[in-house]
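Down below is the structure, laid out as structure tokens.
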Amino acid sequence: MDIPTKLIIGLGNPGKDYDGTRHNIGFDVIDHLARVNNITVAKRDYRGLIGDGRIADTRIFLLKPQTFMNLSGESVAQFLRQRPLALTDILVITDDIALPVGKLRLRAGGSAGGHNGLKSLIAHLHSQEFPRLRFGVGAPRDASVQIDFVLGKFGKGEQRDVEETIDRAAAAAETWIKDGIEPAMNKFNQ
């Protein structure tokens, strides 16, 4: 009997210059989820870094697209062409400036909300009906510095909140795997 299979995608930008930035929080959550579940995310495939393991009774693929944020959909579409899954069996983890640092918001679908990574996914998947976990990274006081803000690192005063929220985001992903999007939303959307 085939075991259930799901794909979790963390959005971010490849390269050391982007490590620890607000825009790479999706990668950070994937790294944490991989660490606590003994999954290695290092194989280069699907224009990304991929890990393959199990969480609960489900086969899980963890994907960190290496296409840069604005082309994330190319990596995910390539994965799904080779390993077809229903869109309800993928979860996208992304940063969100509309949410304060430390807030999580799970949704079963919806628009890109101005996020270029989500725009790319919607364009390549021909649908906006896929689950996503939005991780609040705060917003700059001045919208004209938004790009520098998301490509910048969290402040010292935000670090504890960020670390705790990464842990909660991984727990939210595990709840989604085991119980589905609605129970995960009920538990983690504050």
Next on the checklist: Looking at every heavy atom in both Ile8 and Ile177, which two are closest together, and how far apart are they?
Outcome noted: CD1-CD1, 3.8 Å
Checklist entry - What is the minimum heavy-atom distance between Ile93 and Val29, and which atoms define it? => result CD1-CG1, 3.6 Å
Next on the checklist: Please say yes or no: joined through hydrophobic side-chain contacts below 4.5 Å, possibly via intermediate residues, are Leu91 and Leu62 part of one cluster?
Outcome noted: yes
Checklist entry - Given side chains that start at C-beta, do those of Ile3 and Thr58 come closer than 4.5 Å, heavy atoms only? => result no
Checklist entry - Has the side chain of Ser75 got a donor or acceptor atom that lies under 3.5 Å from a matching backbone atom of Ser72? => result no
Next on the checklist: Evaluate Val36 against Glu174 for side chain to side chain contact (heavy atoms under 4.5 Å, CB included), listing each step before the verdict.
Outcome noted: CA-CA 11 Å; Val36 299; Glu174 289 179 359; 4.0 Å; yes
Item to check | Backbone of Gly102 reached by a side-chain donor or acceptor of Asp161 within 3.5 Å | outcome: no
Checklist entry - Can you name the closest pair of heavy atoms from Leu133 and Ala172 and give their distance? => result CD2-CB, 4.3 Å
Checklist entry - What heavy-atom pair brings Pro131 and Ile181 nearest, and what distance separates the two atoms? => result CB-CD1, 3.9 Å
Checklist entry - So, the side chain of Lys178 versus the backbone of Ala173: is there a donor-acceptor pair under 3.5 Å, distance only? => result no
Item to check | Thr165 vs Lys103 side-chain heavy atoms within contact, under 4.5 Å | outcome: no
Checklist entry - Is the NZ atom of Lys153 crowded by more than 12 outside heavy atoms at less than 6.0 Å? => result yes
Item to check | Arg59 vs Asp52 side-chain heavy atoms within contact, under 4.5 Å | outcome: yes
Item to check | Connected via hydrophobic side-chain network under 4.5 Å: Val150 and Ile166 | outcome: yes
Next on the checklist: Let me check something: do Leu33 and Leu49 share a hydrophobic cluster, defined by ILVMFWY side-chain heavy atoms less than 4.5 Å apart, either directly or through other members?
Outcome noted: yes
Checklist entry - Going only through I, L, V, M, F, W and Y residues with side-chain contacts under 4.5 Å, is there a path from Ile90 to Ile55? => result no
Item to check | Heavy-atom donor-acceptor pair, His124 side chain to Ser120 backbone, under 3.5 Å | outcome: yes
Next on the checklist: I need the minimum non-hydrogen distance between Val101 and Arg22, along with the two atoms involved.
Outcome noted: CG2-NH1, 3.9 Å
Next on the checklist: Do Ile39 and Phe27 sit in one hydrophobic cluster, given that two such residues count as connected whenever their side-chain heavy atoms are within less than 4.5 Å of each other, even indirectly?
Outcome noted: no
Checklist entry - Is the shortest heavy-atom distance from the side chain of His23 to the side chain of Met69 under 4.5 Å? => result yes
Checklist outcome for this item: By ring pair (Phe, Tyr, Trp, His ring centres under 6.0 Å), Phe79 pairs with (sequence neighbours left out) Tyr46, Phe61
Item to check | Nearest-0.5 Å distance that lies between atom CG in Leu63 and atom CD1 in Ile9 | outcome: 6.0 Å
Next on the checklist: One pair to check against side chain to side chain contact (heavy atoms under 4.5 Å, CB included): Gln146 and Ile97. What are the steps and the verdict?
Outcome noted: CA-CA 9 Å; Gln146 184 172 312; Ile97 62 168; 3.3 Å; yes
Item to check | Salt-bridge criterion met for Glu163 and Arg168 (N-O under 4.0 Å) | outcome: no
Checklist entry - Is any NZ, NE, NH1 or NH2 atom of the basic residue among Asp31 and Lys64 found under 4.0 Å from an Asp or Glu carboxylate oxygen of the other? => result yes
Item to check | Pairs involving residues 148-190, ordered by first then second residue, that meet ring pair (Phe, Tyr, Trp, His ring centres under 6.0 Å) (sequence neighbours left out) | outcome: none
Item to check | Under the side chain to side chain contact (heavy atoms under 4.5 Å, CB included) test, residues paired with Ser127 that sit two or more places apart | outcome: Leu87, Glu129
Item to check | Under 3.5 Å: donor-acceptor pair, side chain of Arg132, backbone of Phe130 | outcome: yes
Item to check | Within 6.0 Å of CG in Asp57, more than 12 heavy atoms from elsewhere | outcome: no
Checklist entry - Would you say the side chains of Gln82 and Asp45 form a donor-acceptor pair under 3.5 Å? => result no
Next on the checklist: Looking at every non-hydrogen atom in both residues, tell me the closest pair between Thr5 and Leu85 and how far apart they are.
Outcome noted: O-CD2, 3.6 Å
Item to check | Close side-chain approach of Ile25 to Val162, heavy-atom, < 4.5 Å | outcome: yes
Checklist entry - Arg44 versus Gln66: any side-chain heavy-atom pair under 4.5 Å? => result yes
Item to check | Val137 vs Leu99, side chain to side chain contact (heavy atoms under 4.5 Å, CB included): CA-CA, chis, key distance, verdict | outcome: CA-CA 6 Å; Val137 297; Leu99 295 172; over 6 Å; no
Name every donor-acceptor pair, under 3.5 Å, that has one atom in a side chain of residues 106-116 and the other anywhere in the protein, sequence neighbours excluded.
residue	atom	partner	partner atom	Å
Ser111	OG	Gly113	N	3.3
His115	ND1	Gly117	N	3.0
His115	ND1	Leu118	N	3.3
His115	NE2	Thr94	OG1	2.8
His115	NE2	Asp95	OD1	2.8

Next on the checklist: Suppose clustering is done on Ile, Leu, Val, Met, Phe, Trp and Tyr with side-chain heavy atoms closer than 4.5 Å. Which residues sit in the same group as Val145?
Outcome noted: none
Item to check | By salt bridge (Lys or Arg N to Asp or Glu O under 4.0 Å) - contacts of Arg54 (at least two apart) | outcome: none
Next on the checklist: Looking at Asp96 and Phe135, would you say the former's side chain and the latter's main chain have a donor-acceptor pair under 3.5 Å?
Outcome noted: no
Item to check | Criterion side chain to side chain contact (heavy atoms under 4.5 Å, CB included) on Leu11 and Asn24, from CA distance to verdict | outcome: CA-CA 6 Å; Leu11 298 187; Asn24 271 33; over 6 Å; no
